[in-house]
Each structure stands twice: as structure tokens, then as C-alpha cells.
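Since the structure is predicted, the reported quantities are computational estimates derived from the model, not experimental observations.
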Amino acid sequence: AGGDTPKATLREFGTRVLPWRKVCLVPTDERVVPVASPYSNERLLRELLPQARVLGLMSPQTLFDHSPVTLAAQADQRLSLLPRRFDAVLLGMGSDAHTASLFPGAEGLATALCPAPRPAVVSLTPNPLPVDAPYARLTLTLGRLTWTRRLWLLVTGADKRRVLEQALARPDSLLRPVSAL
């Protein structure tokens with residue numbers, strides 16, 4: 001999960017005694033921004049869990065003159081180097097019922113919601129772009145996100161709880177992508 005929601009959870013996770021040298025973290029989604037940007041989920045993971053390895057969706061030498069589609073294909077290739085199944089996935093949910101960068105109304109959402117684990121990464125551009133983070137995105141697909149031993153959905157606040165309850169009561173993955181989980 002990215003953004004502000006998981007920060008406390010990630011900090012707490014970082015206090016756990018784990019074989020950190022064996023832990024590899026992958027952002028579930030990423031804004032198409034440099035890793036040093038305050039909007040980068042990779043940066044968030046590196047700052048909050050410095051004892052773990054992080055495999056970013058964009059390589060450090062990413063050239064931003066490439067299209068998001070090209071960047072997604074490169075990320076998909078990097079993820080193919082990992083073991084097939086994740087041990088755990090932590091997702092959040094936005095007030096519009098998006099999870100990862102599976103935004104309602106995004107072009108390519110239907111493809112990203114495919115239950116097959118390949119491709120693992122696609123590019124999506126939210127429509128409309130969020131005011132607080134108006135960037136194209138790379139996101140793990142539903143098939144890759146759910147190919148895990150454990151899946152956690154972190155939802156905070158009464159407003160988001162209502163959104164989640166609506167998604168559960170009236171599942172429609174194109175209108176409320178979190179319902180696909």
C-alpha cells in the first residue's frame with residue numbers, strides 16, 4: 001500500500017524481528033515520478049523499512065521520456081525474476097474504492113482486473129487524475145496482487161468503511177475496484 005494510510009503499519013512492521021536480508025518488498029503500485037519524489041511509494045518503503053531490500057517498479061535509471069506502457073513492460077520483466085507467489089500483500093483503499101492504482105474510470109482498468117497473474121504490471125491513468133497526486137501510474141494487476149499466501153486490506157476511518165461496505169454489498173469491479181478482491 002502507498003500514500004499516507006500504511007505509514008504507521010509499516011513503521012510497526014519495521015520493529016519486528018525478521019530475517020530482513022531475505023525480505024524483498026515490492027510496491028503494489030507507483031506513480032510515474034522519480035524515486036526521490038515525495039509521491040513515490042518506493043521511496044516510502046525505503047525510508048520506513050531500510051533494513052529490507054526493495055524491488056521498485058521503476059529501475060533507478062528510468063528515463064522518463066519513456067511512455068508509462070514501456071515502463072510497465074520493464075517493471076513486468078523485473079517482477080518475473082521474483083518467486084511466483086508473494087508471501088504477503090498489503091493493500092489500502094481510497095475513498096473512491098480504488099486499491100493499488102486500480103481506479104474506477106481508468107482506461108485499461110478491465111485489463112488490469114484480469115485474474116491471470118501475467119502480465120503482472122500495467123500502466124493506468126486515473127480519470128480524473130487525483131488532485132493531490134496527478135500522475136500516470138504503474139500498478140500490479142489484480143491477478144498478481146491476489147497471487148499471494150496472505151492478503152491484507154488496510155482501511156481507516158468511518159468514510160472508507162462505508163465505501164468498503166458498499167463495495168461488498170454491491171460488487172462491481174469497474175465502479176468499485178476494491179470489490180474485485
Would you mind reporting whether [Y] and [X] have side-chain heavy atoms less than 4.5 Å apart?
X      : Y      : result
Thr125 : Arg137 : no
Val121 : Thr141 : no
Leu79  : Leu57  : yes
Leu181 : Leu142 : yes
Arg170 : Arg176 : yes
Asn127 : Phe103 : no
Glu12  : Thr15  : yes
Thr28  : Leu90  : no

Is the distance between the ring centroids of Trp152 and Phe13 under 6.0 Å? no
Answer with yes or no whether the hydrophobic clustering places [X] together with [Y]; edges join I, L, V, M, F, W, Y residues whose side-chain heavy atoms lie under 4.5 Å apart.
X      : Y      : value
Leu44  : Leu49  : yes
Leu168 : Leu174 : yes
Leu140 : Leu25  : no
Leu129 : Leu138 : no
Val35  : Val54  : no

Decide yes or no on side-chain contact (heavy atoms from CB on, under 4.5 Å) for Val89 and Arg150, but give the supporting numbers first. CA-CA 6 Å; Val89 172; Arg150 289 195 167 79; over 6 Å; no
If you count heavy atoms of other groups shown closer than 6.0 angstrom to [atom1] of [X], is the number above 12?
X      : atom1 : result
Gln77  : CD    : no
Arg118 : CZ    : yes
Arg85  : CZ    : yes
Glu107 : CD    : no

Only one of Asp29, Leu153, Thr139 passes side chain to side chain contact (heavy atoms under 4.5 Å, CB included) with Thr99, and that residue is Leu153
Closest non-hydrogen atom pair between [X] and [Y], with its separation:
X      : Y      : result
Ala112 : Leu102 : CB-CD2, 3.5 Å
Ala180 : Ser173 : CB-CB, 3.7 Å
Ala167 : Ser179 : O-CB, 3.4 Å
Arg161 : Val155 : N-CG1, 4.0 Å
Val163 : Ser95  : CG2-O, 3.4 Å
Gly92  : Ala1   : N-CB, 3.5 Å

Donor-acceptor check, side chain of [X] to backbone of [Y], threshold 3.5 angstrom: yes or no?
X      : Y      : answer
Lys160 : Met93  : yes
Glu30  : Gly56  : no
Asp76  : Ala120 : yes

Atom [atom1] in [X], atom [atom2] in [Y]: separation rounded to 0.5 Å?
X     : Y     : atom1 : atom2 : answer
Gln51 : Leu48 : CD    : CG    : 9.5 Å
Glu42 : Glu47 : CD    : CD    : 11.0 Å
Leu91 : Thr5  : CG    : OG1   : 11.5 Å

Chi angles and distances behind the side-chain contact (heavy atoms from CB on, under 4.5 Å) call for Cys24, Leu82: CA-CA 9 Å; Cys24 180; Leu82 293 177; 4.1 Å; yes
Test the Arg144-Phe86 pair against the cation-pi criterion, namely NZ or CZ under 6.0 angstrom from the six-membered ring centroid and within 45° of the ring axis. yes
Establish, from distance only, whether the side-chain atoms of Ser37 and Ser40 form a donor-acceptor pair under 3.5 Å. no
